[in-house]
Amino acid sequence: MRILVISGYCPRDNHSAALSHNAYIEGLIKLGNRIDLLCYSEKNFKVDKQMAIPKIENKYEYDGLSLYEKLALKREHNDSPATNVTDYSATDSKRNTVPSFKSKLVSKVKNSVRSLYGIYNPSIVWFRRAKRFKTNVHYDCVISMSYPQVSHLLANYLRSHKRVIADKWIQLWEDPWAADLGNVDGLKKCVKPEGKLLDEAEDIVYVSPITLIHQQELFPFAKDKMRWCPLAAYYNAEAIDYSGFKENHYGYFGDYTPYIRNLEPFYNVAVKKDISVDICGFPSNLFPSNNRVAIYPRLPLGELKKHEDKANVVVCLFNLGGGQIPGKIYQLAATNKVILAILDGPEDEQAIIKEYFEKFNRFVFCQNNEQSISEAIDRIEANDLGDVSNEPIDSFSVEKVAKMLLGD
């Protein structure tokens, strides 16, 4: 098939969204499809050159740099064009410290500028430029990928204005919009525009069974068009020889913004048990390092791999709610590392997540409290894992997931 993928995201941004987009595209190519990509330009963007980009046929790039990004002078990491980055105090995980006058002023100016862009925020700048795109190619399918949500808006515009002709349109939602825990605009503002996009859709795909349930309840008029498939693993399944390790070395590689993921119980247990841990992600100033627990910011893939390779036990921390599944769990399943899966959020959501992943016999589950985490680590240290295997699995390979994405 000839497929046009639309993503208002830079494919070389060191972020989970770019990784998952590239993995889906790689899977589509391996299935024999011809892929064109309409995306956010690398121009004026700090890219990670270590990121492998799939060999697409044609790439059409549009710059989306806005005034808001130009004012965002202080960033913890190279974040996406449409998100806010909050700085957290290493001594106050509840964010009750008093911000300085300068930081309050900068925040006020940035928020004022950001509000001018409307509900799609600064990503609307990319839409205004990318909507000029036109092609005579007749596509079998258009796949628009969010994050950001404006990708779906562009796909709808291009098709409705006959600038792109395609037999089918798939909306891929890696995160919901209104119900996203990271949504800084609130539920009420986003429900209407999200509903409009879903109403126009022919095929709506989410990446979590819980998100699917929540979205069907929130938008019942579109529930019959909704389905879900897992994220694709960015890396191929591989095994590393850890037989020479004198002790287990733990690693947490991902973001842990406090209102989305609570890493504090694991950190406290790690300190108390004096285990060796590397934590790499945002925000890097939430917890202090010591001689056994090392804290790093979000790192380029080349640097991050050095930390990943020396960790034979990895932690996957689930969200506080919302049903969204961290993409990291799919990546980790392709390794031969022991995976500590820390469940969090409402009990009904935890039950659904555990039921789905437990059948792979690949994960050591526990609750997100110090006692449960401590007991799970004791099992890992004693190599008392029962039926859980640390053999790599290919259940989330790019080819298998791409087939599900296409509805095959």
Side-chain angles (χ1 to χ4, degrees), residues 3-29 35-85 114 117 120-133 142-155 157-158 171-175 177 180 182 207 231-232 234-235 254-255 281-282 297-305 327-328 331 398:
I3 299 175
L4 175 65
V5 173
I6 299 177
S7 167
Y9 212 94
C10 177
R12 288 189 189 270
D13 183 17
N14 181 10
H15 195 277
S16 58
L19 289 174
S20 65
H21 292 178
N22 291 335
Y24 281 120
I25 293 171
E26 182 67 22
L28 293 169
I29 293 173
I35 306 298
D36 291 346
L37 175 63
L38 173 57
C39 65
Y40 193 102
S41 174
E42 294 183 12
K43 181 182 178 182
N44 299 317
F45 207 96
K46 185 180 178 182
V47 299
D48 186 346
K49 295 182 179 180
Q50 297 288 333
M51 291 186 65
I53 303 299
K55 294 182 180 180
I56 56 177
E57 299 227 348
N58 299 289
K59 183 166 70 169
Y60 306 100
E61 297 179 290
Y62 289 87
D63 185 24
L65 188 69
S66 67
L67 176 61
Y68 176 78
E69 278 78 59
K70 294 176 182 178
L71 290 174
L73 300 176
K74 184 179 181 181
R75 289 185 174 181
E76 176 71 19
H77 62 289
N78 180 31
D79 201 25
S80 79
T83 54
N84 279 342
V85 175
R114 186 174 184 272
Y117 297 102
Y120 285 97
N121 301 320
S123 61
I124 197 66
V125 174
W126 177 77
F127 166 82
R128 291 168 183 163
R129 295 168 182 168
K131 72 178 185 178
R132 297 194 297 263
F133 176 77
V142 169
I143 302 176
S144 53
M145 298 180 171
S146 69
Y147 188 82
Q149 301 86 359
V150 76
S151 305
H152 302 315
L153 182 69
L154 180 62
Y157 177 89
L158 294 176
Q171 285 186 11
L172 174 63
W173 291 82
E174 291 150 313
D175 292 316
W177 188 359
D180 187 357
V207 297
L231 288 170
Y234 180 75
Y235 301 110
D255 290 347
F282 176 81
R298 181 181 290 180
L299 300 172
L301 290 184
E303 294 181 39
L304 179 62
K305 192 174 188 306
K328 185 63 66 176
Q331 315 297 340
V398 293

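Each residue takes its place number in the sequence, starting with 1.
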Sub-3.5 Å donor-acceptor pair from the side chain of [X] to the main-chain atoms of [Y], do we have one?
X      : Y      : answer
Ser151 : Met145 : yes
Asp175 : Tyr147 : no
Asn22  : Pro54  : no
Arg298 : Asp255 : no
Asp63  : Ser41  : no

Side-chain heavy atoms of Lys59 within contact of Cys39, under 4.5 Å
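When only atoms from C-beta onward are counted, Cys39 and Lys59 do touch, with a gap below 4.5 Å.
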
Would you indicate whether the side-chain heavy atoms of Phe133 and Leu4 approach each other to under 4.5 Å?
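Yes - at least one pair of side-chain heavy atoms lies under 4.5 Å apart.
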
Minimum heavy-atom distance between [X] and [Y], given as atom pair plus value:
X      : Y      : result
Glu174 : Ala17  : OE2-O, 4.1 Å
Glu61  : Tyr40  : OE2-O, 4.2 Å
Ala155 : Ser144 : CB-CB, 3.8 Å
Ile35  : Ile56  : O-CB, 3.5 Å
Leu28  : Ile3   : CD2-CD1, 4.3 Å

Determine whether the aromatic ring centres of Tyr9 and Trp126 lie less than 6.0 Å apart.
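So the answer is no for these two rings.
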
With Val5, the side-chain contact (heavy atoms from CB on, under 4.5 Å) member among Val142, Asp36, Ile25:
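The passing option is Ile25.
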
